[in-house]
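Reading through the structure tokens given below for one structure.
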Amino acid sequence: MTSTAPETQRGHDAGDPLGEQPTSWQRRLRRFGHVPRPETSLRDRLDPPYTRPGRQVWSVLAIPPHVADRLVRWSGWGGPLLVTLVAGLLRFWKLDQPHAVIFDETYYAKDAWALVNQGYEGSWPKDVDKQILNDPSSVPIPTDPGYVVHPPVGKWIIGFGEQLFGFTPFGWRFMVAVLGTISVLLLCRIGRRLFRSTFLGCLAGLLLAVDGLHFVMSRTALLDLIVMFFVLAAFGCLVVDRDHARRRLAAALPVDEEGVLRPDARVAETLRLGWRPWRLAAGVMLGLAFATKWNGLYVLAAFGLMTVLWDVGARRTAGAVHPYQAVLRRDLLPAFVSTVPVAIVTYIVSWTGWIVTDKGYYRNWAATEGKDSSWSWLFPDWLRSLWHYENQVYDFHVGLTSGHTYESNPWSWLVLGRPVSYFYEEQTGCTQSSTGKCAAEVLAIGTPLLWWLACFALAYVVWRWFFRRDWRAGAIACGVVAGWLPWFFYQERTIFLFYAVVFVPFLCLAVTMMLGAIAGPAAGTGARAELGLTTDDPTGERRRTLGAIAVGVLVLLIIWNFIYFWPLFTGTQIPEDLWRDRMWLDTWV
């Protein structure tokens, strides 16, 4: 297995030294045997090739070349699927444990059950959770509408699992576990496309698979992991769209007499990139994220800006003299239409159950309290009622300042300052503990070593973006900022660490990018030539070996850390002494 370090893929945007075209005299000297310094070609800058493992790997494993080639072809999907299988086994293992309604499952599990059975959320009586756990069939669904403060998509998804497996802990956690597992596959494939390396893609997915916060959220019927899934899917769609757009530009550019692709200002500034279904799919995914929780709206804005800037970079690389003007004329309107209106329509469609049943909370507001509105002639009653409902929900969210034991400031999230205890149960008479007690807890906390390493990785990503103009670093930073920065605007609001699960995949990508740099460039000739190394350079081989060892040690430590905290992720009962050993910070108790 080999990796593509960030140093092996420079020159994606115009202005990068490695992207400079040779002068005319250098091209003429080629006829006389002159070999210029290796550089990244324009075609590779627009459409970089994937890294292939070096022959040394297969020779050490005694694998014949024809078998090795077949394994390489299969690894693009085989590797991610293997990592996903491991993630799925972990997430579905004893998914129904603890057999309890933990933390905010008390809201979403019941709202989902009412939603899939009658089209709107009901007003559930208090203290009904125990009855649901003992005999769910004896609990009637309330017909009185319930006041809910989140859009319905996430609850529809949770409810689908309940329809399949019943109104039980396994039923309401099933679909969240499915999405958590699939998100690992998505990250493997996204990482592979970002870094042009199957190994690094699988490494990013593996890090996500062993992150504690993602793991706990994958086994809990809350909405935030569902938002994360749609955000990650939208990001993947935009990355694929970027590749397709740049490939079209490369196909339209002229080729000189030597078969070398050349930039062309006219093509770069006038070419229409045509139908872009992946960007449209991203709009749908972002709409579904927004229709699960409103923080998806910030991601929509950030990703919309990001994809436009990608178009600017593509046209500049292809030779555009005025890339911003070209994007303004050719790409801005299609980009807007493919994302913002599509997301809004998706959001409205998600309220179909509330609209057609005519019994949801505030459903008839326009016909009663709002009947004298000056807008009644222009908009239908259901739309005005929905708008009023949304205004009331917004006021609720911004005014939610009541204290909570596990609330935390977003400044402390990256260092895991205050995790959230979803479930805690204490048992006395435990002979294995010096205190005579055993504890079982489900703690929503990231794998500490992974998150603390991510702090350094984010610094590296920011440096990489500013000083190396690496679009991948900018994309990763955008994902983190879109999921994290908005919460700083609401620091007086009651907020929790588990909201950070939305940007956990991007933390894993950041760590992967840094580990790729530590490991060094791939052993392929082209990658090593960019660094001035040859396959016979002992210094390069030694640096590569030491880098690979360092990366292996760090990854093994992260996996060990996940295993060490496994009891706190799964609610496994352990002696209180061992539980306290895992409380590394006082704020975790």
Side-chain angles (χ1 to χ4, degrees), residues 1-12 16 18-19 38-61 63 65-83 187-207 236 239-240 242-243 246-247 250 460-461 464 468 470-473 475-476 508-535 537 540-541 543-552 555:
M1 295 182 294
T2 60
S3 65
T4 299
E7 276 76 291
T8 69
Q9 289 209 23
R10 294 175 286 187
H12 289 283
D16 192 300
L18 288 175
E39 61 184 24
T40 305
S41 68
L42 177 59
R43 187 178 299 278
D44 285 352
R45 291 165 61 201
L46 285 172
D47 186 19
Y50 284 84
T51 301
R52 291 178 61 86
R55 293 295 181 184
Q56 291 181 346
V57 176
W58 308 118
S59 61
V60 169
L61 298 175
I63 297 177
H66 68 281
V67 178
D69 290 339
R70 184 173 299 177
L71 290 175
V72 170
R73 289 196 300 270
W74 290 352
S75 65
W77 276 102
L81 287 173
L82 181 61
V83 175
L187 192 64
C188 287
R189 294 289 298 177
I190 291 170
R192 179 178 183 270
R193 188 174 287 270
L194 273 180
F195 304 120
R196 289 303 197 259
S197 167
T198 299
F199 172 71
L200 289 184
C202 291
L203 177 58
L206 177 63
L207 294 177
V239 171
V240 176
R242 179 186 185 275
D243 279 357
R246 294 172 76 91
R247 200 169 295 134
Y460 171 74
V461 162
R464 183 86 198 172
R468 291 295 185 89
D470 192 322
W471 74 272
R472 300 166 302 172
I476 295 169
C508 294
L509 287 173
V511 173
T512 300
M513 191 173 194
M514 185 177 71
L515 293 180
I518 293 174
T525 304
R528 300 182 65 78
E530 285 190 357
L531 296 182
L533 303 174
T534 66
T535 55
D537 186 353
E541 290 296 336
R543 184 258 182 268
R544 174 76 179 171
T545 300
L546 292 176
I549 292 173
V551 169
V555 172

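Atom set for the values below is all heavy atoms of this structure, side chains included, hydrogens, waters and symmetry mates excluded.
When every heavy atom of L200 is checked against every heavy atom of T512, the shortest pair comes out as O-CG2, 3.3 Å. The two residues Y460 and A517 make their nearest non-hydrogen contact at OH-CB, 3.4 Å. C188 and C202 make their closest contact through SG-CA, 4.0 Å (heavy atoms, listed as atom of the first residue, atom of the second, distance). When every heavy atom of V461 is checked against every heavy atom of A510, the shortest pair comes out as CG2-CB, 3.7 Å. Annotation for I518 and R543: closest pair O-NH1, 2.7 Å, computed over non-hydrogen atoms. A pairwise comparison of heavy atoms in C508 and A204 identifies CB-O, 3.9 Å as the closest pair.
In this structure, R196 contributes its side chain and P48 its backbone to a donor-acceptor pair below 3.5 Å. For R246 (side chain) and R45 (main-chain N/O), a donor-acceptor pair under 3.5 Å exists by modelled atom type.
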Q.
Evaluate F195 against L509 for side chain to side chain contact (heavy atoms under 4.5 Å, CB included), listing each step before the verdict.
A. CA-CA 10 Å; F195 304 120; L509 287 173; 4.0 Å; yes
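Atom CE of residue M514 and atom CZ of residue R464 lie 13.5 Å apart, to the nearest 0.5 angstrom. Interatomic distance, R247 CZ to D47 CG, rounded to the nearest 0.5 Å: 4.5 Å. In this structure, the separation between CG on D243 and CG on L194 is 8.5 Å, given to the nearest 0.5 Å. Taking CG of L81 as the start and CH2 of W74 as the end, the distance is 13.0 Å to the nearest 0.5 Å. Between W77 atom CH2 and L82 atom CG the span is 14.0 Å, to the nearest 0.5 Å.
Using a 3.5 Å distance cut-off with no hydrogens or angles, the side chains of R192 and T198 do pair a donor with an acceptor.
For R189, the side chain to side chain donor-acceptor pair (under 3.5 Å) test picks out no residue, with sequence neighbours left out.
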